[in-house]
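Bear in mind the structure is a predicted one, so any value in this text is a computation, not a measurement.
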Amino acid sequence: MKSFAMILSVMQASATNIIVGSQVWVEDPEIAWIDGDVLEIKGADIKVKLTSGKEVSLLFAEPVLIFLQSIRNLGVYLIEVVTTSAHVYPKDPEAPSCGVDDMTKLAYLHEPGVLENLKSRYSMDEIYTYTGNILIAVNPFKRIPHLYDKHMMGQYKGASLGELSPHPYAIADASYRHMVNEGISQSILVSGESGAGKTESTKNLMQYLAYMGGRPGAQGQRSVEQQVLESNPVLEAFGNAKTLRNNNSSRFGKFVEIQFNERGKISGAAIRTYLLERSRVCQLSDPERNYHCFYMICAAPSEVSKKYKLGKPQTFHYLNQTNCYELNGVDESKEYHATRKAMDVVGISSNEQEAIFRVVAAILHLGNIEFVKDNEPDSSKPKDDQSRFHLKTAAELFMCDEEALQDSFCKRVIVTRDESIKKSLDPLAAALNRDALAKIVYTRLFDWIVGRINESIGQDPESKSLIGVLDIYGFESFKTNSFEQFCINLTNEKLQQHFNQHVFKMEQEEYTKEEIDWSYIEFVDNQDILDLIEKKPGGILALLDEACMFPRSTHETFAEKLFQTFKDHKRFAKPKLSNSAFTIDHYAGEVTYQTEFFLDKNKDYVIAEQQALLSASKCSFVSSLFPPPQEESSKASKFSSIGSRFKQQLQALLETLSHTEPHYIRCVKPNNLLKPSIFENQNILQQLRCGGVMEAIRISMAGFPTRKPFKEFISRFKIFAPDEVKKSNDDIKTSKMLLEKANLQGYQIGKTKVFLRAGQMAELDARRSEVLGRSASKVQRKFLTYSARKKFTLLKFSSIQLQAMCRGQIGRRHYEFRKREVASLRIQKDGRMFLKRKAFKVISFSAIKIQNGMRGMAARNQYRYKKQDTAAVIIQRQCRQYLARHRYCKLKKAAIVGQSFWRGRMARKELRQLRMEAKNTSALQEAKSKLEKEVEELTWRLQVEKRIRAGLEETKNQEHAKLQSALKEMKDQSEQTRELLLKEREAAKKELEEARADKEASSKEIVDKLTSENEKLKDTVSSLEQKIEEIEKKYEESNNLSEERLKHANEAELKILEMQTTTQRLQERIIEMETEEQILRQQAMLTSGSKRRFPSFSSKVPENGSLDPQGSTSMKRFDSSLRQSALDRQRENVDILIKASTEDLGFSNGKPVVTYVIYKSLLHWKVFETEKTNVFDRLITVFGSAIQKEEDNKHMAYWLSATSTLLFLLQKSLSSASGKPPQPTSLFGRMAQSFRKSPSYSNLEIVRQVDGKYPALLFKQQLTAYVEKIYGIVRDNLKKELSQHISSCIQAAYIKGNTPPSMFWQHIIESLSGMLKTLEEYHVPTILDQKIFAQVFSYINVQIFNSLLLRRECCSFSNGEYLKAGLAELELWCSHATEEYADSAWDELKHTRQAVGFLVIHQKSKISYDGLVKDLCPILSVQQLHKICTHYTDDMYRTPSVAQAVISSLIDQTKDLEDSDNNSFLLEDDPCIPFSVDDLVNFLHEKDFAEMKPTCSLVENPDFKFLVE
């Protein structure tokens, strides 16, 4: 009543602040609340226009209740108002259309505000909402994609509560983090009515805790968390049933304790169950069902049915009390096999499974035993043979005596002091004994299964911390409420008290954190209801236990006792129409309980005969369910009740919860049809009341329900004093000033928020509406003035236009008259002129026609004669040319054949001589002298050719000058001839005119004279043209001749170069042979010991080229020593190379010197062509040790440059054996090849093709791997450096600090510039630079874009402007870096750019679906667009997001993508290597290494002189 009075006072206070135009909520009996606008206020009367078109008048003079009865009559709604009481609440006009994720952020925290917020979020598939730290989960009754996968778990891992969208993973992560960090045990309480989704929420919590603290089990075993998760199917089979509200309702309470070790890993678990609904085994109401296991065993395979003598469910009494036997979409046969598999998983053996289903089948047979009266009075017996069959089957399944089982039903043994008396029972009592046995057997079976699961899972006795997940039934209120509902509602009352204390504690922590005064806030709980139920000795449970202890007590006497004891209690009432029922006013409303079965259901005892019978069963499993009772000392201790045992379990549960830090999840069922997209307001409100959410709101209303951050408060109410707000920089002082302007009392100013009492927000909005109304009046006045002035100006302008038109018409008429007069005069003049000109043109045209005909005829005759002469000359020239060419080709062919034959003969002869004299030094000397002579001869010839060439050039120049001068003279003559011709034509024209004037002269003679002169001139022109053609031909022939001579000279130079090379090689060979000859002589002198001189080597060599044995032996020793010294020197050189490779040798011509040194050394030593070598392994070791300093970017950039360029050189050099060029066969070909292999030629080519063996190819593969590894290290170092700055940029959107947000972007630019400078300094190939920055920009795109999808506060207009400025900085950096380094890096930000473009665009409500998807954001997927559109808030101009139709279209498209394999809306970073060796080869060029000049100390070493040759 206090809470009602408080809410009523708040409502009346709010109503006093309502003005015309305010938006309000009005109570409606059909849909709970309807929103509308206030149209008129007259005293206490308020007229409201609802959104549905209805109008309601509200009276606040006295409490009234408005009943709106909408009657559709001819399309008109009729409203009927009954004066009883009134409820009206203000509505927040600035509430976002998509709702808020935390309802503490609502401006008005009341019933309609909470309901509307949940409805808005539910329409967009946002099923989770916070109320502080409490999570409200609305069952969607459909699958929502990508909401529960591992990727989503990874997003919530380590995130603060409230940082991301509401989710059970956030609650689980918060509890896990508190347990690990603070060492305090946690508990998560999941509550709600049947069908609200408690079990699914519990599964999600278990999955996340297993994800965070799970560890793999031993080989062949399952981990603890897997066993806990897989125990659900077993518990659901034996503890779940179909009810009115849910097809899979849990009919027991479950508390799962997950134990953790000191490292935060799951080490054990235990499952506690409470109050299994045992009465369901025997009693059912339509259309509910019994427990699932009974239907599973009836649908088991035929061999199982025959074994247990089972049939269809319709044949059993415990199942056919209702008409519901099957569930839609559920195959009981498959469920039976799935349950058996689940039993295997949790550790229940096959024998135990057989025993369990044996007991279940026995319970079904017990229900079919019927009793009738026997011959004796008050006695009973089985009804017929069918009942005896089921009795016998049950006894066989229990493995007990059939007759003893019958006696336990039909007889009762009364034990006195002296003897035992056996008493017969009537059929009704026998049936009660049968049902009692069935219930106790099923209860013991369920408890055994739970205990067996706990044994299989195992507990950790050393665990000091745990997380408990409580899946408990919600508050229940049906038409008929019995003992089960009484116990369930007692549980919810206890948990509600715990919940209220926790909520009040959170309120205290909030007030303490903000340092405001809250000492006067009163806290009211439900302790009086708990005392009414469980207080000793006068509580309802105590009176029930007392009644159960008396045999003659009935439910009427128990109800009468309750009426007498609690007649004055405010929470207890007696219904008017029943003497055996009572009503309790719970926190969620009044519930009426029927006491008919209270006494029977409260008794928790086993009949002694049945206990002894089943304890002696031959089935060890059945006997274990009924162990022998322990001897008890007192008679009072023999009595046990369900209520007292449940009370103890509940007390133990609360004791466990009191030692843990609680977290709450309230599950809500949106409709009773169990279908998606249906939101029933009344049903939701009832569940919110039952779930305690409205109680939490009541507690908040008792304090300061409205809490606004300073920025938001000032932004909303700065209209009270706009000038003062602009001048002030202190948010606290500004907020106080605005509140003083509004004349409010009782508010509190915290450290970061403004705390308002209930109703004060409505008062502020009313004041704000008044200010806006006055402003609107001013705007209207100005607009009306402007409209009148505009109308007057328009009339004045129209009159002036009319006057101008009239004056213009008069002027135009006068002008037309004058125009006609002038035109007539001009027509006359032009007509006369036309006639005269026409006559003249006729005469002129006739004269010209005659002249043209005469001249054309003369020209055609002349052309015909010229054409015939030219054709004759061409035929003669072609004939002579053909005969000369034929004779020349025949002579040339014969000469070439003769020369080829003779040269081949001489070359073969020379080859034979060379082979015979190959080992003769004298022959070599002769060959040398011969070659020298040939070189001298060729040199002399070359000089002669040069002189000839110079002479030819001089002659050619002279002839060219002469021809040029002759050509010029001919052209001058031609020009002069043309000028004369023109003069003659002019003279002829004059003469013709004179002839016309003088008619006596004869025209024929003049024409003949002119024709003859023209023919002479044409002959002169044609002769000049022929001379020009002949001169041009001579010029071309001289040019061709000079080019051929130049070609011969070049070939002679090439031959001289080859001869010089051959001569040099022969000289080197002669020197080597002389050295060997001298060494052999010294060796022979030492071995013979005589003083005789060693004969010359050439005289001792036999014809076959072999030496004597002694010489051969000495030669071998010398070769071995020579080889050994060469090997030692080679090892030393390799060591020097390895040592130099570890040093920074710098760069030359933009390329690393160490690469040049390594490659030239390997190429010079021919390491690539060796089958076995350890040089490559040592180099790989050097590279591996060099990249140990992963944090040093400069060091890694140096080695990235060195290894990548070395890889390029290897790729260009190494080739397979099949790629060898063919060996030349001619002598000159081999000489040319030897010249190319000589050092002088090899120095011309830095990169050379070699035949790489296996070690070289393996070294190339290893080097490729190192290049990719170093590239990945450099890229990841830059990503790691940027990740902190990116996180700061993201947090800057919702965390206000002293650091300006632009500094974070500046840090990113500095990091990128630093890396670019390092890469340029160490000359890393730009292809690698491009790939590094492209992948880094892709990483920036992924991080920023995912933050927009996961954080609602990031999807705002101000954050869009902030990100737009950051992207502009990045674009500016890319332009400064140039395309050489940035390349396509800017394109990697396409997702973020389009998302930011959406955030900063204005008038989003006018954007269509096609414009959004195809034009504005074509890259983004439908799911991503849906997230951004629903998360968007305009925190600057308060403009709405896209239209609801667009969001509906996005939701429809999202549903079509639910079944796709990849439906994740988040972007993922690609860690692959984006380049190949071919990319390096295509980018770098061999000529870049041609001008390298190594400056290292190796150049001074004689063995490394090849580096500078």
With a 3.5 Å distance limit and no angle check, can you tell me whether [X] reaches the backbone of [Y] through a side-chain donor-acceptor pair?
X: K198; Y: G192; value: yes
X: Y148; Y: Q207; value: no
X: R121; Y: Y128; value: yes
X: N671; Y: K675; value: yes
X: S1356; Y: N1359; value: yes
X: H110; Y: G113; value: yes
X: N489; Y: E476; value: yes
X: Q1453; Y: L1450; value: no
X: H1426; Y: S1448; value: no
X: D1434; Y: F1357; value: no

Within a strict 4.5 Å, meaning less than it, do heavy atoms of the [X] and [Y] side chains meet?
X: C1354; Y: H1431; answer: no
X: N323; Y: P287; answer: no
X: F679; Y: I684; answer: yes
X: Y664; Y: L135; answer: no
X: Y208; Y: D173; answer: yes
X: K242; Y: N248; answer: no

Which pair of heavy atoms, one from [X] and one from [Y], lies closest together, and at what distance?
X: D149; Y: M152; value: OD1-N, 3.0 Å
X: V591; Y: H586; value: CG2-CD2, 3.8 Å
X: E332; Y: A299; value: CB-CB, 3.6 Å
X: V48; Y: V26; value: CG1-CG2, 4.2 Å
X: N117; Y: M103; value: ND2-CG, 3.3 Å
X: S1408; Y: G1411; value: OG-N, 3.2 Å

Hey, does the Lys NZ or Arg CZ of K254 hover above the aromatic six-ring of Y274, less than 6.0 Å from the centre and inside 45° of the axis? no
If you draw the axis of the six-membered ring of Y291, does the NZ or CZ of R251 fall within 45° of it and under 6.0 Å from the ring centre?
no
Does the distance from a Lys or Arg side-chain N to an Asp or Glu carboxylate O, for [X] and [Y], drop under 4.0 Å?
X: K669; Y: E200; answer: no
X: R280; Y: E288; answer: yes
X: D35; Y: K91; answer: yes
X: E163; Y: R1352; answer: no

Can you tell me how far [atom2] of [Y] sits from [atom1] of [X], rounded to the nearest 0.5 angstrom?
X: H151; Y: L1466; atom1: NE2; atom2: CG; answer: 4.0 Å
X: Q1424; Y: F1398; atom1: CD; atom2: CZ; answer: 13.0 Å
X: Y587; Y: Q496; atom1: OH; atom2: CD; answer: 4.5 Å
X: L284; Y: L319; atom1: CG; atom2: CG; answer: 7.5 Å
X: L1348; Y: N1346; atom1: CG; atom2: CG; answer: 9.0 Å
X: S187; Y: H498; atom1: OG; atom2: NE2; answer: 6.0 Å

*asked:* Is it the case that the side chains of K150 and Y211 hold a donor-acceptor pair, with the cut-off being a distance below 3.5 Å and no angle test?
replied: no
If we ignore angles and hydrogens, is there a donor and acceptor under 3.5 Å between the side chains of R289 and T322? no
| request: Kindly check if the number of other-residue, nucleotide or ligand heavy atoms within 6.0 Å of CD (E326) is above 12? | output: no
H292 ring center near F238 ring center (under 6.0 Å)
no
*asked:* Does the plane of the ring in F1345 sit parallel, tilted or perpendicular to the ring in H1391? Use 30° and 60° as the thresholds.
replied: perpendicular
On the 0 to 90° scale, with breaks at 30° and 60°, tag the Y169-Y156 ring pair as parallel, tilted or perpendicular. perpendicular
Sorted by chain and number, sequence neighbours left out, salt bridge (Lys or Arg N to Asp or Glu O under 4.0 Å) with D101 holds for K105
For this session: Give the intermediate values and the outcome of salt bridge (Lys or Arg N to Asp or Glu O under 4.0 Å) for residues K119 and E126.
Result: CA-CA 9 Å; K119 186 175 182 180; E126 297 286 348; over 6 Å; no
